[in-house]
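In the text below, chain A, chain B and the rest are named by the order of the sequence lines, each starting its count at 1.
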Number of protein chains: 2
Amino acid sequence: MQSKIINKDALKALPELPDESIDLIFADPPYWMRVNGVLERVEGTSYDGCEDSWDNQFSTLEEYESFTRQWLRECKRVLKKDGSIWVIGSMQCIYTIGGIMQQLGYWFINDVIWHKANPTPNFRGTRLNNSHETLIWAAKSDKSRYTFNYKTAKELNFDSVTFEEHKKGVRKQMGTVWKIGICQGKERLKEESGQKLHSTQKPEELLYRIITVSSMPGDVVLDPFGGTMTTAAMAKKSGRRYIMIEKDESYCRYGQERIDNITPHIGEIEKGVFDVPPPKVKFADMIKAGYFHEGETFYLKSNGETAVLKSNGKLLYQGEEIDMHACAARAKNSRAKRLNGFNYWCVKRNGNYVSIDEIRNEYREKECASQKDD
Amino acid sequence: MQSKIINKDALKALPELPDESIDLIFADPPYWMRVNGVLERVEGTSYDGCEDSWDNQFSTLEEYESFTRQWLRECKRVLKKDGSIWVIGSMQCIYTIGGIMQQLGYWFINDVIWHKANPTPNFRGTRLNNSHETLIWAAKSDKSRYTFNYKTAKELNFDSVTFEEHKKGVRKQMGTVWKIGICQGKERLKEESGQKLHSTQKPEELLYRIITVSSMPGDVVLDPFGGTMTTAAMAKKSGRRYIMIEKDESYCRYGQERIDNITPHIGEIEKGVFDVPPPKVKFADMIKAGYFHEGETFYLKSNGETAVLKSNGKLLYQGEEIDMHACAARAKNSRAKRLNGFNYWCVKRNGNYVSIDEIRNEYREKECASQKDD
DNA sequence: CACCCTTTTGAATCTGTCT
DNA sequence: GAGACAGATTCAAAAGGGT
């Protein structure tokens, strides 16, 4: 499918998309803020938060629920079976949305908190300063094998790893609370008048994370409420395709210009190389190819226990023939039934202990070159 | 109403409580996690999260929705018209709960993120490390004048203010993302065997914040799913009354002992003194009492503009008799129609400029002593 | 008592592929 | 679809023990 902007209402455009054609959806639906009139700052300047007719088009909760159910049902239809969807919302709408998603059979992977580094203060002091928005990340069903670039996410995680630690090679699991600043400055699209074009433009960093963590290059990303086209901009930048739906003609115009100015940069993060699994290797094949010899001794790194290799790839340990992984667990006296043997066993080469994982890497480089290029 | 523990099922006990009798509810319902089998750590130990049969009592989403609707409807009934409710949940349940709350007419004040300082990691790398839970804070209706101790919250806010800054007097609005560690160590209740008593005991700090920020001393706090009685413990500690519902007899027993060991500490935070408004003062009364004199000159702090006091409390400025607050705005050339005149006007006393706000404070101390003790 | 090292543990929708 | 089996996967805090 070709990347494109569709200048139509979401409920008109979605039904025209084919079944199971989309890898990833990002949706930033109308929030239904229920604010009327103008909120005034104490100093007298009015606060231009979100007074779009966009957000106030619903007069009852039932209407909003019905609208939500319609677009979410269409999104489920167009999603590939292993595809996933992100929906962003605030307190006013995300619970209604999430409840309906579960009723429709979406399978939640995570909910993610966008913790705003620089939230708008609460001028009235009538409640807690609203400093986050919520994203729901869901698969099409509980059977989905959704894309999650676990190690890429670790590379991108600066929420629980400082820059200094990251430089030194520290990597930790990415969590569900993301601290990201709101969209402002040069990133924020302005009209000729200097007025901001869109009242809730999302930060590029947010979309960049979402796209690189939950899709692969070439994937098709759909955004049914395109707005300023942040999703398309980040999709193009990271080598994904995009389908953007947006009913406002002027958003489409400004957005197209924005996209045209993007130069793709497809590096390691964008390719997801950290998550491309190395070719699988059968232990028996490595023995056949002469990388290990029947009868040679295997040494356990940590405690010096030894075992003897059999021709079928199993190990002889204390008189028993055991699978290498189970044997590692046994010899290490672990409570686990199995450990990854490649992480524990060594052999002797030229008088030095060498990890069998290193030997597997050699084997991969020499024997699996063709597979790697697939 | 007397503080008490009711050893019954929530759906049995709630209907027996009188209408509009509760100031604050904290509810920690079953999350219905839908966990299957045993999750093992690499070392072979099994992760003991929540295998509670209580959590697994539902077989369909409809059943869970029905249960949720029932207890939430009862909670709304027993809540006073200006009362509010907190509900905690995770991704598996909070959207269902929130959606139903809106259908029942609850009015959302905030949703709050409990950002766990030390979350359970994801052992398998299958998704983002789940590092938060969500709380919904809602009023009984959009007409409610719920309790929110705004300044007390500022005192308690260490999420966006460091301890050093706080010591220097820096106070910032409390936000909706709260970083609090999970309950572990000595705080965690254990059985005689040393086993944890309850699989999901909540940290005291979380309940302490909730209670001090959204209730006042003497208020009645209800917890329909009492568990280890953390809510009661923090309610007693901060001088609130409590009604705890818990069907498990052993939780009630251990919980009662826990509560008995609590000594109330009712200091400034617990009393909410930062939020108790000072007695209202009529400007005309201060003139009558001789704190200001007809015809004396009022000076604007910032730019030296002057006005003259009339006996009715208004100011003569550029030939016009204007209300003191509007006059401050006019004299300061502000875009606002009114400013708080007490923050801007000065008079001369013994040759020095003195803020009229200071004089109001003197007046309060001397003339409103009796009111203050109310 | 301070410091260091080891062990334990926490509301979790926690594997993929081939036979 | 069930079962076998190969192989990949964790972080912070508190307690406890040793020096």
Side-chain angles (χ1 to χ4, degrees), chain A residues 102 106-111 137-139 141-146 148 150-151 154 157 160-161 170-176 275 277-278 280-284 313-314 322-326 328-329 335-344 356-357 360, chain B residues 28-52 54-56 58 61 64 88-94 114 116-134 179-188 190 194-196 198-203 225 227:
Chain A
Q102 291 192 307
Y106 281 104
W107 188 250
F108 287 3
I109 305 168
N110 279 119
D111 57 349
W137 180 27
S141 84
D142 60 343
K143 303 281 180 272
S144 288
R145 288 165 45 200
Y146 53 88
F148 172 45
Y150 174 68
K151 289 182 178 169
K154 274 186 152 181
N157 176 19
S160 44
V161 176
V170 176
R171 299 291 184 277
K172 286 178 190 168
Q173 290 188 334
M174 183 180 279
T176 50
D275 288 286
K280 290 220 168 188
V281 168
K282 285 182 185 163
F283 199 51
K314 300 207 170 183
I322 325 174
D323 161 77
M324 170 183 72
H325 306 290
R335 268 172 297 190
K337 283 181 193 154
R338 301 167 55 78
L339 293 169
N340 185 343
F342 287 102
N343 293 340
Y344 298 101
I356 64 169
D357 196 37
R360 181 170 61 166
Chain B
D28 183 9
Y31 287 8
W32 191 36
M33 303 281 286
R34 292 98 138 172
V35 291
N36 294 315
V38 181
L39 178 59
E40 284 202 344
R41 298 188 183 85
V42 176
E43 328 87 67
T45 56
S46 62
Y47 171 63
D48 178 23
C50 182
E51 13 68 281
D52 224 320
W54 181 65
D55 192 69
N56 257 313
F58 312 98
L61 181 58
Y64 186 73
I88 188 167
S90 69
M91 148 189 113
Q92 291 86 353
C93 66
I94 198 66
W114 169 25
K116 300 182 183 184
N118 46 352
T120 307
N122 183 298
F123 302 127
R124 283 304 197 23
T126 55
R127 63 193 62 196
L128 297 166
N129 171 14
N130 214 316
S131 41
H132 76 276
E133 289 187 31
T134 300
K179 194 151 195 175
I180 296 177
I182 60 173
C183 179
Q184 60 184 159
K186 286 183 184 159
E187 192 183 317
R188 191 98 196 212
K190 304 277 196 312
Q195 283 281 87
K196 63 185 173 192
H198 189 282
S199 57
T200 66
Q201 187 178 340
K202 295 292 174 290
F225 310 100

* Structure fact -> Which of D/dC11, C/dT9, D/dA13 is nearest the side chain of A/Q173? It is D/dC11
* **Which nucleotide in D/dT10, D/dA13, C/dA11 has an atom nearest any side-chain atom of B/K116** => C/dA11
* Asked: From C/dT13, C/dG10, D/dT10, pick the nucleotide closest to the side chain of B/R188?
  -> C/dG10
* With a non-hydrogen cut-off below 4.0 angstrom, is B/G227 in contact with a base, only sugar-phosphate, or nothing? -> nothing
* If you look at every strand shown and take non-hydrogen atoms under 4.0 Å, does B/D48 touch a base, only sugar-phosphate, or nothing? -> sugar-phosphate
* Ring of A/W107 versus six-membered ring of C/dT13: centres under 5.5 Å and planes under 30°? -> yes
* Look at the side chain of B/K202 and the base of C/dA11, then say whether one donor and one acceptor between them are separated by less than 3.5 Å. => yes
* OP1, OP2 of C/dT15 versus side-chain N and O of B/T126: anything below 4.0 Å? -> no
* For C/dT15, does either OP1 or OP2 sit under 4.0 Å from a side-chain N or O belonging to A/R338? -> no
* Asked: So, does the side chain of B/R127 form a donor-acceptor pair with the base of C/dT13 at under 3.5 Å?
  -> yes
* Can you check whether A/K172 has a side-chain N or O nearer than 4.0 Å to OP1 or OP2 of D/dA12? -> yes
* Under-4.0 Å side-chain N/O to phosphate OP1/OP2 contact, A/K282 with D/dG7 -> no
